[in-house]
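Note sheet for the following structure.
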Amino acid sequence: MVSRGARVVIVGAGHNGLVAACYLAKAGLAPLVLERREVVGGVAVTEEFHRGFLCPAVLHGAGPLLPKIAAELQLEKHGLSMIPSDVRVLALDPDGPSLRIYDDSARTAMELTRLSARDAKTYAAFHSSFEQLGRALAPVLSMTPPDVDDLSTADYLNLGKLGLNFRSLDKKDAYRLLRWGPMAVADLVTEWFETDLLCATIAARGIFGASAGPWSAGTSVGLLLQAAMDGQVTAPGSAPKGGIGAISFGRRCDDPHRRSCCRNSCKGRRSGRRGPGRRGRGRRECGHFQRRSQRNFTEAG
Amino acid sequence: MNANYDVVVIGGGHNGLVNAAYLARAGKKVLVLERRHVLGGAAVTEEIFPGFKFSVASYVVSLLRPEIIRELDLPRHGMEVLPLDGTFTPMPDGDYLWRVNDHAKTRREITRHSRLDAEAYDEYGKAMVEMGRFVKPILGMTAPDPASLTLRGLSDLLSLARRFKRLPSNDKYNQVQLMTMSAADFLDQWFETDVLKATMSASGIIGTFLGVRSPGTAYVLLHHYMGEIDGAFRSWGLVRGGTGAISNAIAEAAREAGAEIRTEAPTARISVANGQATGVVLENGDEITANVVSSSVDPRLTFIRMVGAENLPGDFVEDINRYKFRGSSGKVNLALDALPDFTCLPGAGPHLRGAISISPSVEYMERAYDDAKYGRFSRRPYIDIVIPSLTDPSIAPPGKHVMSCFVQYAPYHLKDGTWDEKREKFGDTVIDTLAEYAPNLRDIILHRQVLTPLDIERRFGLSEGNIFQGELTLEQLFFLRPAPGWAQYKTPIRRLYMCGSATHPGGGIMGAPGLNAAKKILREWKS
Ligand SMILES: Cc1cc2nc3c(=O)[nH]c(=O)nc-3n(C[C@H](O)[C@H](O)[C@H](O)COP(=O)(O)OP(=O)(O)OC[C@H]3O[C@@H](n4cnc5c(N)ncnc54)[C@H](O)[C@@H]3O)c2cc1C
Ligand SMILES: Cc1cc2nc3c(=O)[nH]c(=O)nc-3n(C[C@H](O)[C@H](O)[C@H](O)COP(=O)(O)OP(=O)(O)OC[C@H]3O[C@@H](n4cnc5c(N)ncnc54)[C@H](O)[C@@H]3O)c2cc1C
């Protein structure tokens, strides 16, 4: 395998490339991240699209960043601070009352009583079942997908872990997990709720980024995988201070040797000085990161 | 107390009859109760217009389990399967695609559209047969209950996993794709000719409320590949005398084994005492007692109507209410004075002897579904046609013909109006669509019978007109059919079993639910 101090080139400084670099560097390798653009972050960037206006240029939700990664990379220490919001989604209806969905499912249920007493009751049950399923599925997110041709010991262990999780679900939830996956997310939510607005809002999480409509079979899988991340039926409403790019900019690994490097493959430092967003906190972080990295790169090289 | 019968079977469809035949052969005293005046359920032949005999609902056969044919000796009881040669797909641009059983001919025909596809076609056929072989043993097995595995269930699942492991690598991936992809996406990986993909994808949507681009439809494709006639995979046939002849042959076998069969005997209620079925009450008030009741009608009728929600656990009732029917198909049966003449291939050639498929492009198929999604019948539907009188002249007066058109989509739940108002308009749409390819059709129709999903519900007792007693979608298959925890032909009521298409392995003239349930009942027999 790769020996300590070995150079690993990572193509693309999207947040995944950066996470990989951090972990490799922590393990004593010397990763070099090459980014095509003048900013790091890939899709997770804050850009100044108009003087003084910093905006999440592409994605704007802070995704449910895996808490384990945030902790291990000590992202808070590196300047990532989340602005919490207890409202996850405000759903608007052109002809009727709007609906707020909160982190706290009991509060959402309260809110729902205005729209449907029945839905208010089922929401709590749905939410807790959803949380259970999410917990059972969570290992999927941090495992390397098994090679069905040639299962390794690690694959068996991972699958075993999933199997045990499945067994630990109560019977009703176990069946829900099997049954929900292949369903159209619209069918799933209408089985539970009568309020169209609520159905649509939850279904939206299932079709996010898919070339499929809520009536397409299999879209519930999308929802379940999201559940595995945070056990919630809608996307999170919290955002990082300084815009989404802060997740990428703030992320450096804590290796004392600082072997990790990032090199902008096009314009390098110049863009770091002149690029948009200089005033943004995230941006400064990035410049700092780059300069440091360049130096480290020279050191390591 | 001495019961009148060992087993009462509700419903004289082919599954109820298979169930009865096997139970009678095991020495049980069996009574079959059928609501209608004819046996067969959706596998029925009726003389709708004098001299014209129609396979009113199901019209082709392939899935019927070979062991049933053998063990019940159905040929001796009058069942004869006639070959249905190929599929003819006319196209709006004047071309056509005509696949036949003759391998070399089909290859030449596909080459005309695409050389690459002709090569891929062979490989595809082989791969699907392999996939079918893998899945087939599942048809004969009782679905395990994954949430509380018994030794038997565990060993079934393990042997499935072992067999999966032994599959060659490509087949493994195919299998995973088949379980998850849409028919159109799956076929896109193999072929480039649009009309070929469209026609082939059609078997992926039969009986479902899904489009060819809906994930999960690839599996239904496979479901239709599992049939075999005389050991040859993937061959569909007609039945001499119509599909009712199958049911009649099974009924004969059942009677020979000692079963009693009553028609025009609709069941009103299943009698339950202390959580245990004790018999049935007919609509005329007659009470019949039995040690075991085996129901071949769908779960909504069985549980909500005949048992009553008040006698069942709330969770179970909820699951049954969630079970999806959503019929999406209709049927138009035509009595013809002459044969239709297709513009793209004129004359009464052999292309009329196979299936004729109105599925000219993938987009056409998906648009047909779009209409249904929003509660309308397709303005230009997918139609699967056979003219069985060409192969079996006994079913029509000399020189005349019977044409059977299976139509999708006709959603049971209409957005505007009722099916009683729209029936003829639906019929007209089907004829108009066909006349675009065979203009003489309008002039040769002597009689027409239009069956909307509402008619299918009323006539055959299939809830919401679903042809398979419930959609064949992944969340309603195997250990989830018809309800989680109740996929083993058993029910929350002791001594009440299910044996129809709403149980594993599902719909089609297959007989497997009836057979599997009979085995289950016999295994659990007490007293
Ligand atoms: C419009 C939109 C909205 C979204 N909303 C959300 C959301 O709300 N919540 C959520 O969790 N997810 C959301 N996502 C998804 C999420 O943003 C992405 O899945 C994730 O950011 C991808 O990260 P990545 O590191 O894997 O790839 P990327 O971010 O795509 O990173 C790849 C990097 O490689 C660089 N690169 C490309 N070619 C080269 C080259 N030749 N040489 C060097 N570098 C190269 C690119 O410039 C880029 O920086 C959204 C995505 C989009 C597009
Ligand atoms: C239009 C149409 C086309 C089809 N085409 C094909 C095809 O080409 N090939 C194929 O393989 N499959 C086809 N199928 C599917 C196939 O016909 C069915 O899946 C199969 O016949 C169902 O058999 P069954 O015995 O499970 O149920 P059913 O055939 O539904 O039998 C149930 C029986 O119960 C009776 N019943 C209902 N209520 C009561 C009551 N209260 N008391 C007593 N009896 C009652 C009914 O009258 C019926 O006879 C088609 C179905 C339809 C509707």
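Letters A, B, ... mirror the listed sequences (proteins, then strands); counts begin at 1. Every value quoted in this text rests on a predicted model; they were computed, and no experiment measured them.
Taking the side chain to side chain contact (heavy atoms under 4.5 Å, CB included) definition, one finds that Ala57(A) meets it with Val45(A), Glu47(A), sequence neighbours left out.
Residues Pro484(B) and Leu178(A) have side chains not in contact (no heavy-atom distance under 4.5 Å, counting atoms from C-beta outward).
Heavy-atom distances place the side chain of Ala174(A), and not its backbone, under 4.5 Å from chain B. Both the backbone and the side chain of Pro146(B) come within contact range of chain A, with heavy atoms under 4.5 Å apart.
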Quick check - list every chain A-chain B donor-acceptor pair under 3.5 angstrom, one line each.
from, atom 1, to, atom 2, distance (Å)
Val148(A), O, Lys172(B), NZ, 3.3
Asp149(A), OD1, Ser169(B), OG, 3.2
Asp149(A), OD2, Ser169(B), OG, 2.7
Lys171(A), NZ, Asp145(B), OD2, 3.2
Lys171(A), NZ, Ser148(B), OG, 3.2
Lys172(A), NZ, Asp315(B), OD1, 3.3
Lys172(A), NZ, Asp315(B), OD2, 3.4
Tyr175(A), OH, Asp145(B), OD1, 2.2
Tyr175(A), OH, Gly485(B), N, 3.2
Asp187(A), OD1, Arg326(B), NH1, 3.1
Asp187(A), OD2, Arg326(B), NH2, 3.1

